[in-house]
There are 2 protein chains.
Amino acid sequence: MLRYTLRQLEYALAVQERGSVARAAAAFGVAQPSVSAAIAKLEEQVGLQLFIRHHAQGVTAAPQGVRFLAEARNLVALAQDLQRETDAAGTAIEGTLAIGSFMTLAPAFAPQIIAGFRAQYPNVKFRFEEGTQEHLFDGLRNGRHDLALLYSVDLPADLDAVSLAHFSPHILLPAHHPLCKRRKIALGELAGEPLVLLDVMPSRTYFLRVLAAAGVTPEIAFSSPSLEVVRGLVGQGLGYSILITRPHGDHAYDGEALAIRDIADETEDGVIVLASLRQMRKTRLAIVFEDYCVRHFEKLKGRS
Amino acid sequence: MLRYTLRQLEYALAVQERGSVARAAAAFGVAQPSVSAAIAKLEEQVGLQLFIRHHAQGVTAAPQGVRFLAEARNLVALAQDLQRETDAAGTAIEGTLAIGSFMTLAPAFAPQIIAGFRAQYPNVKFRFEEGTQEHLFDGLRNGRHDLALLYSVDLPADLDAVSLAHFSPHILLPAHHPLCKRRKIALGELAGEPLVLLDVMPSRTYFLRVLAAAGVTPEIAFSSPSLEVVRGLVGQGLGYSILITRPHGDHAYDGEALAIRDIADETEDGVIVLASLRQMRKTRLAIVFEDYCVRHFEKLKGRS
DNA sequence: GCGGAGCATAGAATAATCCAATACAAAACC
DNA sequence: GGTTTTGTATTGGATTATTCTATGCTCCGC
């Protein structure tokens with residue numbers, strides 16, 4: 001337990017610099033006895049006489065006072081730096097931002113967003129991490145992330161989320177599949193077909209819900225937590241898939257051709273949100289980033 | 001003016017380390033609400049939310065809290081270092097000691113004392129300075145010296161002094177001077193002789209006072225503030241001198257032989273003291289040094 | 001001496017800090 | 001699903017710091 005206070009050190013340093021208790025007090029805008037008492041208490045608590053009192057002509061630091069105050073000066077300077085930084089953290093757009101992203105969203109959106117934001121605010125550093133929905137919830141709750149980019153599916157009540165974009169699910173087919181001839185596909189038509197399911201929460205529950213809403217009980221032939229594996233399996237003709245994320249290009253990793261078709265039914269959209277912990281007071285930087293993301297997705301929408 | 005306190009930072013760091021307000025409070029031996037209130041206030045004052053509260057399972061640092069607390073940790077560590085040092089300064093025998101010495105005493109005593117003390121307390125550093133009596137008074141009063149080695153002549157009332165040694169004055173003559181045949185010389189015998197006066201305060205007044213007490217009004221042929229110059233002038237046969245300091249050996253710098261004779265009269269002794277500013281509370285180190293000096297001079301006396 | 005300069009002290013008001021007790025919310029347990 | 005457990009926030013009251021104004025005290029310079 002520390003026995004002295006930063007206030008006492010500030011006063012003592014000002015006294016040393018000005019050679020006067022009264023002038024130091026004036027510099028801080030406090031009464032002279034406040035400073036007088038503060039240094040008296042400081043001396044008592046560190047057990048050293050810091051100042052020599054010259055009646056009617058101020059004070060000067062004692063030898064041990066000089067040694068003490070030299071180190072105290074470092075301490076106070078460090079404290080002032082910290083204060084300046086926190087002042088900046090409240091208002092300035094700089095510092096570090098810890099962002100989490102749902103795995104399948106990360107490659108599609110994170111690079112653009114981060115690069116665009118850094119172009120505008122070059123002093124901002126990013127810590128970026130991708131993970132499952134649960135991992136992100138956990139990250140927000142224990143302070144690993146400031147904000148997280150994810151789907152608003154099964155969002156816990158302790159999180160806040162600003163909606164960034166709505167995406168409709170689509171059907172992914174092997175290029176040679178008979179249904180490919182249709183521009184739009186009704187979910188009912190998939191009833192007998194084998195499904196390759198993207199098996200990662202919350203995507204899994206979302207896709208199954210969409211199919212169930214159309215009265216389809218899918219026959220799950222394969223499932224994988226990896227988007228690219230799912231696309232590869234579909235490319236190999238092992239079934240269809242229902243997905244939201246649309247990677248650029250219509251080929252799987254192994255080169256097999258894929259076809260993307262809209263769904264004829266009315267479906268529940270997948271909503272991409274930027275989530276944060278409700279009880280968390282956001283920094284100015286976080287607010288600005290949130291705002292940037294909203295505008296970024298608006299621009300994307302206008303373009304398509 | 002700093003808006004947060006070291007106490008708040010200490011509490012916040014302990015909370016972060018233990019992940020719990022209650023355990024942090026226990027570690028400091030204070031009640032849990034004290035810590036709770038302290039971090040609430042700290043958050044208000046720095047304008048950042050530092051912790052995320054998990055009901056029923058403690059708290060964890062928020063992302064901006066992690067960044068803030070990392071720097072706060074430096075600050076508190078520095079503050080603790082400073083406290084440890086001041087604790088040591090009060091009790092331990094280490095640190096720096098600023099010693100002043102009267103010019104003519106310095107070469108005779110300072111090297112031995114400093115070397116002897118450092119042999120016993122190797123962690124003590126010395127800042128050493130020699131000067132005139134006035135310079136030393138000034139140095140004590142404005143904190144340039146912790147202690148000063150000087151003659152207790154015309155000692156101002158605002159100084160304290162512990163007596164180290166009494167030295168009788170002696171007569172210095174050229175080796176071939178007729179009076180050299182005598183073992184002791186009465187001051188009256190010097191009445192007509194030219195005096196080479198060590199002209200530095202307070203030696204000057206002291207020597208003149210000793211002569212005046214014996215009824216001698218000296219004929220001052222030469223004077224110099226340098227002891228070695230005085231000895232040189234006496235060696236050249238330009239007069240006698242009355243001195244206290246007895247350098248080792250009976251030759252001047254230029255090799256001329258000198259003779260030292262006691263004074264037959266009862267004379268006022270020169271008292272060497274270690275002076276300090278009365279209003280100054282001494283450090284433990286200063287007290288130990290003072291004590292060492294007393295014992296050192298006692299040993300010298302026993303040896304002669 | 002006597003006035004001026006400047007720190008220390010006294011006393012009162014205000015603010016911070018502390019404690020004990022309690023309210024409260026989520027989690028865990030049955 | 002309710003009940004207990006765990007851990008933080010709040011409340012109210014006592015203690016202690018900090019601050020103020022006013023005054024005392026001591027040395028300096030004239």
Side-chain angles (χ1 to χ4, degrees), chain A residues 1-12 14-16 18-45 49-62 65 137-138 141-142 156-159 277-279, chain B residues 1-12 14-16 18-45 49-62 65 137-138 141-142 156-159 277-281:
Chain A
M1 191 92 92
L2 293 164
R3 286 192 300 275
Y4 53 86
T5 70
L6 286 171
R7 178 66 52 89
Q8 288 167 352
L9 297 184
E10 280 187 284
Y11 284 177
V15 168
Q16 185 193 22
R18 294 175 174 69
S20 157
V21 172
R23 276 195 292 281
F28 281 100
V30 300
Q32 168 262 317
S34 297
V35 175
S36 185
I39 62 177
K41 179 145 243 170
L42 179 60
E43 286 180 325
E44 176 198 324
Q45 278 156 339
Q49 181 176 340
L50 300 177
F51 292 98
I52 301 167
R53 278 75 168 171
H54 304 118
H55 293 276
Q57 32 185 42
V59 299
T60 55
F137 292 163
D138 193 56
R141 286 198 266 254
N142 72 15
D158 62 343
L159 300 186
L277 198 58
R278 185 190 304 286
Q279 67 167 228
Chain B
M1 190 92 93
L2 293 165
R3 285 192 301 273
Y4 54 86
T5 71
L6 286 171
R7 178 66 51 87
Q8 288 167 353
L9 296 184
E10 281 187 286
Y11 284 177
V15 167
Q16 185 193 22
R18 293 173 174 70
S20 157
V21 173
R23 277 196 291 281
F28 281 101
V30 301
Q32 169 262 320
S34 298
V35 175
S36 185
I39 63 176
K41 179 146 242 169
L42 178 59
E43 286 180 325
E44 176 197 324
Q45 280 156 338
Q49 180 178 339
L50 300 177
F51 292 98
I52 300 169
R53 276 76 167 171
H54 303 119
H55 292 276
Q57 30 185 41
V59 299
T60 55
F137 292 163
D138 192 55
R141 286 197 268 253
N142 70 17
D158 61 343
L159 300 186
L277 198 59
R278 184 188 307 282
Q279 65 166 230
M280 182 85 118
R281 183 178 144 189

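Each chain gets a letter, A, B and so on, in the order its sequence line appears, and its residues count up from 1. Because the structure is a prediction, the values reported are computed rather than measured.
- In this structure E43(B) satisfies the side-chain hydrogen bond (donor to acceptor under 3.5 Å, both in side chains) test together with R53(B), sequence neighbours excluded.
- The nearest whole Å value for the distance from the CG atom in L277(A) to the P atom in dA26(C) is 12 Å.
- The CG-C1' distance, from L6(B) to dA16(C), rounds to 16 Å in whole Å.
- Residues that satisfy the ring pair (Phe, Tyr, Trp, His ring centres under 6.0 Å) test with F51(B), not counting sequence neighbours, are absent from this structure.
- Legend: residues meeting salt bridge (Lys or Arg N to Asp or Glu O under 4.0 Å) with R281(B), ordered by chain and number and at least two apart, are absent.
- Applying the salt bridge (Lys or Arg N to Asp or Glu O under 4.0 Å) rule to R23(B) yields no partners; only residues at least two apart in sequence or on another chain are considered.
- Taking the screw axis at each terminus of the helix from dG1(C)-dC30(D) to dC30(C)-dG1(D) from five consecutive base pairs, the angle between the two is 20° to within rounding of 10 degrees.
- What you find for A12(B) and L42(B) is that their closest heavy atoms are CB-CD2, 3.8 Å.
- If you take NE2 of H54(A) and P of dC7(C), they are 11 Å apart, rounded to a whole angstrom.
- For Q32(B), the side-chain hydrogen bond (donor to acceptor under 3.5 Å, both in side chains) test picks out no residue, with sequence neighbours left out.
- Residues meeting the side-chain hydrogen bond (donor to acceptor under 3.5 Å, both in side chains) test with Q8(B), sequence neighbours left out: Q45(B).
- Shown here are the salt bridge (Lys or Arg N to Asp or Glu O under 4.0 Å) partners of R18(A), two or more places apart in sequence or in another chain: there are none.
- Remark: P of dA27(C) and CZ of R53(B) are 17 Å apart, rounded to the nearest angstrom.
- Protein atom CD of E44(A) is 12 Å distant from nucleotide atom P of dT9(C), rounded to whole Å.
- With Q49(B) contributing its side chain and A62(B) its backbone, the two residues share no donor-acceptor pair below 3.5 Å.
- Taking every heavy atom of both residues into account, L159(A) and R278(A) meet most closely at O-NH2, 3.3 Å.
- Put simply, chain B comes within 4.0 Å of DNA chain D, heavy atom to any atom, from dT6(D) to dT10(D), going 5' to 3'.
- Applying the side-chain hydrogen bond (donor to acceptor under 3.5 Å, both in side chains) test to R7(A) and every residue at least two apart in sequence or in another chain returns nothing.
- For the OP1/OP2 pair of dA8(C) and a distance below 4.0 Å, the side-chain nitrogens and oxygens of S36(A) include at least one atom meeting the criterion.
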Any N/O pairs under 3.5 Å between the protein and nucleotides 17-20 of chain C? List them or say none.
from: dC18(C); atom 1: OP1; to: R7(B); atom 2: NH1; distance (Å): 3.1
from: dC18(C); atom 1: OP1; to: Y11(B); atom 2: OH; distance (Å): 3.3
from: dC19(C); atom 1: OP2; to: A31(B); atom 2: N; distance (Å): 2.4
from: dC19(C); atom 1: OP2; to: S34(B); atom 2: OG; distance (Å): 3.1

Measure all distances between protein nitrogen or oxygen atoms and nitrogen or oxygen atoms of nucleotides 28-30 of chain C, and list the pairs falling under 3.5 Å.
none

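- Between the CG atom of L50(A) and the P atom of dC7(C) there is a distance of 15 Å, rounded to whole Å.
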